[in-house]
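Structure first, commentary second.
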Protein chains: 2
Amino acid sequence: MTIHEALPTTVPQCGACPIRHRAVCARCEADELAALDALKFYRSFEAGQTLIWAGDRMEFVASVVSGVATLTQVMEDGRTQTVGLLFPSDFVGRPGRERAPYNVIATTDLLMCCFRKKPFEELMARTPAIGQRLLEMTLDELDAAREWMLLLGRKTAREKIASLLAIVARRDAALHLRAPQGKMVFDLPLTREAMADYLGLTLETVSRQISALKRDGVIELEGKRHVTVPDYNRLLEEAGDDTDGGFVG
Amino acid sequence: MTIHEALPTTVPQCGACPIRHRAVCARCEADELAALDALKFYRSFEAGQTLIWAGDRMEFVASVVSGVATLTQVMEDGRTQTVGLLFPSDFVGRPGRERAPYNVIATTDLLMCCFRKKPFEELMARTPAIGQRLLEMTLDELDAAREWMLLLGRKTAREKIASLLAIVARRDAALHLRAPQGKMVFDLPLTREAMADYLGLTLETVSRQISALKRDGVIELEGKRHVTVPDYNRLLEEAGDDTDGGFVG
DNA sequence: CGTGATCTTTGATTTATGTCAAGGTCGCGG
DNA sequence: CCGCGACCTTGACATAAATCAAAGATCACG
């Protein structure tokens, strides 16, 4: 039995397992498994709810089971920047840190698999594989954050939108164990405003650029949220991306 | 003897020690120390030199002994975004990863303390404290990257310049074991163009905003690079920053 | 101590995106 | 089925920053 199997979830791969990687799960011992299993509990949130406020004491770490959440920073005068998107299987929390650095906001209805922090840390101290896996995940997040820095600093509004659509498409495909390619269909888990906050734009600009991409046949829209991408590669070209790299959190 | 003492450097704290933290160093065993010591070698580079190209195989990990370097991404069409600044004591390299994700460029003359990657990884596998310290450092970098995302997405050109100046001032103070406050004097380790690449601006805008801050008495300039900040708190206000948080890498 | 290369400043103009404003669409509860 | 609120789109206009252009520092080197 692996941790993956012990922590059932709607996510195919390693789901709610905070280690989130078959290779690591396979190494887990039964004792640690039981310990983790005893710690876990589920919490659900509604779209729009703020799970965690920046500065709060963090009482747990968690991974997303279903739904989408954002990590968001707010300046004193209200300017807002989203610094991470959390999809199912993404991890949130920082063993070893006291307080949350960002607001965590559910942008859709959300189910989290949580672990009380203290016991999780203790388990981690006893299980080097967990720390290793966490380092790997943190490096992935760092790469994603830096890719986003390129987007924020240098891409045009159109490229920004195309990049975001490509990421949502890719993450959505991953949920269904598919490779991102060809025609893709998915729902946007974000409002126009949330997209704007993530892309460093205004909601009006987001709306205009989405209309432009629709006009140019790069995407089709049914309602406000349901997107069809006829050709994923075309979308990547619009994103101005050489890299194909995955965004994590 | 600690690793810190075994790896002499111009940096006061833990300097070229890749673990870079007294608390961790103090825990290091003599065996590991000797092993690390055997691995280390120094390399120096000239201002403007690219140490590592994105996509290169990484043969070593290293920490900065003196000088400043940038981590930089370049799009196919030449648009450039710097995603990290490396000051003395900062670490570069990714145990467990094959290839460099960014260009690493010396912006001043630079001395690095290097360790061949393979043996470093082996040492790391034997020494949990190193992995733990690396996770801590990576989390710091992630925080810094996300703070920079707020800057890139939402700050004005003037705020961006002020933020960068504040960071350089703070890092420079740290080198001299001083707290950042009051009147501060330092040299800019970046050209106007490198600043622009870091801030998501053009070099002309950088120049204009520096002139404006000078005109408004927020800074004084002697030559192009030598900066006096009469009042660090004033500078922080200009940066629009509530946070005081440290930028790392 | 001049000469060229590199870096920087400043000015004039353009443009992408923000701001302000109005109206449209959709879904939900009464 | 209507009406309300939340969300989205579109238009007109404003503006911060980019672009294009020229000239001024500064420094290394002969």
Side-chain angles (χ1 to χ4, degrees), chain A residues 46-49 75 77-81 105-109 151-162 164-165 187-216 219-227 238 240, chain B residues 46-49 75 77-81 105 107-109 151-165 187-216 219-227 238 240:
Chain A
E46 286 180 19
Q49 217 180 331
M75 291 172 72
D77 61 6
R79 282 178 280 177
T80 298
Q81 179 67 47
I105 304 172
T107 65
T108 66
D109 290 344
L151 174 144
L152 290 171
R154 294 304 185 195
K155 287 190 180 179
T156 65
R158 169 184 266 243
E159 290 169 331
K160 287 177 174 182
I161 297 288
L164 178 56
L165 292 171
D187 285 315
L188 278 172
L190 302 174
T191 65
R192 301 291 185 263
E193 187 180 21
M195 294 172 74
D197 286 342
Y198 197 23
L199 297 170
L201 298 171
T202 59
L203 68 94
E204 293 94 332
T205 299
V206 169
S207 182
R208 274 188 253 273
Q209 295 300 332
I210 287 179
S211 298
L213 289 174
K214 192 168 73 176
R215 174 171 38 69
D216 298 343
I219 59 172
E220 292 152 25
L221 270 182
E222 193 177 329
K224 293 160 181 174
R225 298 292 193 92
H226 192 73
V227 180
E238 291 286 352
Chain B
E46 286 180 20
Q49 218 180 331
M75 291 172 72
D77 61 6
R79 280 177 282 176
T80 297
Q81 178 67 47
I105 304 171
T107 65
T108 66
D109 291 343
L151 174 144
L152 291 170
R154 296 302 184 197
K155 287 190 179 178
T156 64
R158 168 184 265 244
E159 289 170 332
K160 285 177 175 182
I161 297 287
S163 299
L164 178 56
L165 291 171
D187 285 316
L188 279 172
L190 302 173
T191 65
R192 300 291 185 263
E193 187 180 21
M195 294 172 74
D197 286 341
Y198 198 23
L199 298 171
L201 298 171
T202 60
L203 69 94
E204 292 95 331
T205 298
V206 169
S207 182
R208 274 187 252 273
Q209 295 300 331
I210 287 178
S211 298
L213 289 174
K214 193 168 71 176
R215 174 170 39 68
D216 299 344
I219 59 173
E220 291 151 26
L221 270 183
E222 193 178 328
K224 294 161 178 173
R225 299 290 193 94
H226 193 74
V227 181
E238 291 286 351

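Each chain gets a letter, A, B and so on, in the order its sequence line appears, and its residues count up from 1.
In terms of position along DNA chain C, the nucleotide closest to A/Ala157 lies nearer the 5' end than the nucleotide closest to the other residue of the pair A/Lys224 and A/Ala157. Along DNA chain C, the nucleotide nearest A/Gly200 and the nucleotide nearest B/Gly223 are compared for position; the residue whose nucleotide lies closer to the 5' end is B/Gly223.
Nearest nucleotide to the side chain of B/Leu221, out of D/dC7, C/dT17, C/dT9: C/dT9.
Contact of the A/Val227 side chain with the A/Glu220 side chain is not registered, since no non-hydrogen atoms from C-beta on lie closer than 4.5 Å. In this structure, the side chains of A/Ile210 and A/Arg192 come closer than 4.5 Å at one or more pairs of heavy atoms. Proximity of B/Leu152 to B/Gln81: side-chain heavy atoms (C-beta onward) are separated by under 4.5 Å at one or more points. Taking the side chain as every heavy atom from C-beta outward, A/Thr205 and A/Thr202 approach each other to under 4.5 Å.
Residue B/Leu165 comes nearest to B/Leu188 through the heavy atom pair CD2-CD2, 3.8 Å, listed as atom of the first residue, atom of the second, then distance. When all heavy atoms of B/Ala47 and B/Thr107 are compared, the closest pair comes out as CB-O, 4.0 Å.
In this entry the distance linking CG of B/Leu199 with P of D/dA16 reads 18 Å, nearest Å. When the C1' atom of C/dT25 is taken as reference, atom NZ of A/Lys214 falls 12 Å away, rounded to whole Å. In this entry the distance linking CG of A/Leu188 with C1' of D/dC8 reads 13 Å, nearest Å. For B/Glu46 and C/dT6, the CD to P distance is 15 Å, given to the nearest whole Å. The CD1-P distance, from A/Ile210 to C/dT17, rounds to 14 Å in whole Å. Between the P atom of C/dA16 and the NZ atom of A/Lys155 lies a distance of 18 Å, rounded to the nearest Å. A/Ile161 has its CD1 atom 10 Å from the P atom of D/dT9, to the nearest Å. Between the CZ atom of A/Arg79 and the P atom of C/dG18 there is a distance of 13 Å, rounded to whole Å.
Between B/Thr156 and D/dA16 there is no side-chain N or O to OP1 or OP2 distance below 4.0 Å.
No more than 12 heavy atoms of other residues, nucleotides or ligands sit less than 6.0 Å from atom CD of A/Glu193.
Residues from residues 201-208 of chain B placing a heavy atom under 4.0 Å of any atom in DNA chain D, listed by number, are B/Leu201, B/Thr202, B/Glu204, B/Thr205, B/Arg208.
Applying the side chain to side chain donor-acceptor pair (under 3.5 Å) test between B/Asp187 and each of B/Arg225, B/His226, B/Lys224 identifies B/His226 as the sole match.
Note on A/Arg225: only backbone sugar-phosphate atoms sit closer than 4.0 angstrom, heavy atoms only; bases stay farther off.
One end of the helix from C/dC1-D/dG30 to C/dG30-D/dC1 points its axis 30° away from the other end's axis, with each axis taken from 5 pairs and the angle rounded to 10°.
Salt bridge A/Glu238/A/Arg158: present, at least one basic N to carboxylate O contact under 4.0 Å.
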